[in-house]
Amino acid sequence: MEAPKRSNPMMEKLAPRPGRYALLPELTPQQELALLARALHREGYDDHIAGHITLAQPDGTFLVNPWELAWDELTASDIIRVDSTGTVIEGEWNVTPAIGLHLEVHKRRHDLKVVLHNHSRWGLVWSASGRVPPVYDQTSGQVAGDPIYYDEYTGTVDGASEAEAAAAALGNEKWAILKNHGVFIVAKDIRQAHLRSITLEHRCRLAWHVESLGEGHPITDLETFRVAQMSDDLGFPFLWEAMARKEIRLDPAVLGDEATTSAERKA
């Protein structure tokens, strides 16, 4: 259900307004990554310590969450840096054995900064069902197109051949459901990664509830999504900032040791 890309004058006009105060403090890439992990954990990306996010850096390295920590305890100080081979070159933790899949996608898709995988709560339901969830409301249709269903999962993506096969299957798509495994999402930046991730999980959750009642009525008219799908490229105004602020309010330590020390000095 790919819709033509359109501009959205309303979003372009509203988004740059500074408002009464800055919606977010200036964030480092490590802080953005930690906030994304925390926000998505709250949305259902919460399978214990499973899941990994890579954020490509201008120098050819990648920031990634460590293998040992759950997403809801991650702070900016815990983020590690790996080189193009997946070797840790900065940080105190270990990297996931599945880093090769991320690196293979980054190698093929230079337009991407974020590659994300997890066993999300509702994504897993459809992963196990062998189906892609229909779109039943506008929020589910914020991102154009159906996820691909990758049905060649063999139990691991640790090896190079498995990583190459999965990356090739993704192609130029933006998201995928991995058979009996979870979800896989790519994006040009943190904001887009957040929107795509929460849209897919919402779509999976709502579709399960609708179909548990019996017959559902999916939306098939592309015009219904005309405005909603503009959000994917431009960024839904203020949504990422609001969710990031929530995580900072709940636990300021998410911003890391440096931010805590700075706040203490100001106090």
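- In summary, Arg205 and Glu201 do not engage in a salt bridge, as defined by a charged side-chain N under 4.0 Å from a carboxylate O.
- For Asp137, the side-chain contact (heavy atoms from CB on, under 4.5 Å) partners at least two apart in sequence or on another chain are Thr139, Ser140, His202, Leu206.
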*May I have the step-by-step check of side-chain hydrogen bond (donor to acceptor under 3.5 Å, both in side chains) for His181 and His117, ending in yes or no?*
CA-CA 10 Å; His181 190 173; His117 166 61; 3.1 Å; yes
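- The cluster map of Ile, Leu, Val, Met, Phe, Trp and Tyr, joined by side-chain heavy atoms under 4.5 Å apart, puts Tyr136 and Ile219 in different clusters.
- Going from atom CZ of Arg245 over to atom CD1 of Ile248 covers 9.0 Å, rounded to the nearest 0.5 Å.
- Taking hydrophobic clusters as Ile, Leu, Val, Met, Phe, Trp and Tyr residues chained together by side-chain heavy-atom distances below 4.5 Å, Leu124 does not share a cluster with Val183.
- With sequence neighbours excluded, no residue forms a side-chain hydrogen bond (donor to acceptor under 3.5 Å, both in side chains) with Asn172.
- Hydrophobic clustering (side-chain heavy atoms under 4.5 Å, transitive across Ile, Leu, Val, Met, Phe, Trp, Tyr) keeps Leu250 apart from Leu239.
- Taking each heavy atom of Pro147 and Leu200 in turn, the nearest pair found is CG-CD1, 3.8 Å.
- Using a 4.5 Å cut-off on side-chain heavy atoms (C-beta onward), Lys107 and Ser84 make no contact.
- For the side-chain contact (heavy atoms from CB on, under 4.5 Å) test with Phe62, the passing option among Val115, Ile53, Leu103, Asp83 is Leu103; the others fail.
- What you find for Ser127 and Leu178 is that their closest heavy atoms are OG-O, 2.5 Å.
- Residues Gln142 and Leu195 form a side-chain contact, since some pair of their non-hydrogen atoms from C-beta on lies under 4.5 Å apart.
- Note that CZ of Arg203 and CH2 of Trp175 are 5.5 Å apart. Values are rounded to the nearest 0.5 Å.
- Residues passing the salt bridge (Lys or Arg N to Asp or Glu O under 4.0 Å) test with Glu241, sequence neighbours excluded: Arg191.
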*Verify side chain to side chain contact (heavy atoms under 4.5 Å, CB included) between Gln30 and Leu63, making sure each step is shown before the conclusion.*
CA-CA 7 Å; Gln30 289 87 346; Leu63 301 180; 3.8 Å; yes
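- Put simply, Leu116 and Leu69 are part of the same group of oily side chains (I, L, V, M, F, W, Y) that touch within less than 4.5 Å, one to the next.
- Side-chain contact check for Val254 versus Leu74: every heavy-atom pair is 4.5 Å or farther apart.
- Looking only at distances, a side-chain donor or acceptor of Trp126 sits under 3.5 Å from a matching main-chain atom of Cys204.
- Note that NE2 of His194 and CG of Asp189 are 12.0 Å apart. Values are rounded to the nearest 0.5 Å.
- Checking side-chain atoms of Arg38 against main-chain N and O of Thr75 turns up no donor-acceptor pair under 3.5 Å.
- Within the 3.5 Å criterion, the main-chain N or O of Ser197 finds a donor-acceptor partner in the side chain of Tyr45.
- Among all heavy-atom pairs drawn from Leu35 and Ala244, the shortest one is CD2-O, 3.7 Å.
- The heavy-atom pair separating Trp67 from Ile49 by the smallest distance is O-CD1, 3.7 Å.
- Although no hydrogens or angles enter the test, the distance criterion places a donor-acceptor pair under 3.5 Å between the side chain of Lys174 and the main chain of Ala144.
- In this structure, CH2 on Trp71 lies 7.0 Å from CG on Leu36, to the nearest 0.5 angstrom.
- Gly51 approaches Asn65 most closely through the heavy-atom pair O-ND2, 3.1 Å.
- Rounded to the nearest 0.5 angstrom, Asp151 CG and Ile177 CD1 are separated by 12.0 Å.
- Considering every non-hydrogen atom in both Ser77 and Gly256, the closest pair reads OG-CA, 3.3 Å.
- No option in Thr28, Ile79, Thr54, Val114 other than Ile79 meets the side-chain contact (heavy atoms from CB on, under 4.5 Å) test with Leu33.
- Partners of Asp46 under the side-chain contact (heavy atoms from CB on, under 4.5 Å) rule, at least two apart in sequence or in another chain, are His41, Arg121.
- Residues meeting the side-chain contact (heavy atoms from CB on, under 4.5 Å) test with Thr61, sequence neighbours left out: Gln57, Asp59, Arg81, Ile89.
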_Test side chain to side chain contact (heavy atoms under 4.5 Å, CB included) applied to Phe184 and Glu173, step by step_ = CA-CA 10 Å; Phe184 195 70; Glu173 298 299 324; over 6 Å; no
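- Here the straight-line distance linking atom CZ of Arg42 with atom NZ of Lys246 works out to 5.5 Å at 0.5 Å rounding.
- The side-chain contact (heavy atoms from CB on, under 4.5 Å) check on Glu32 picks up Leu27, Ile190, with sequence neighbours excluded.
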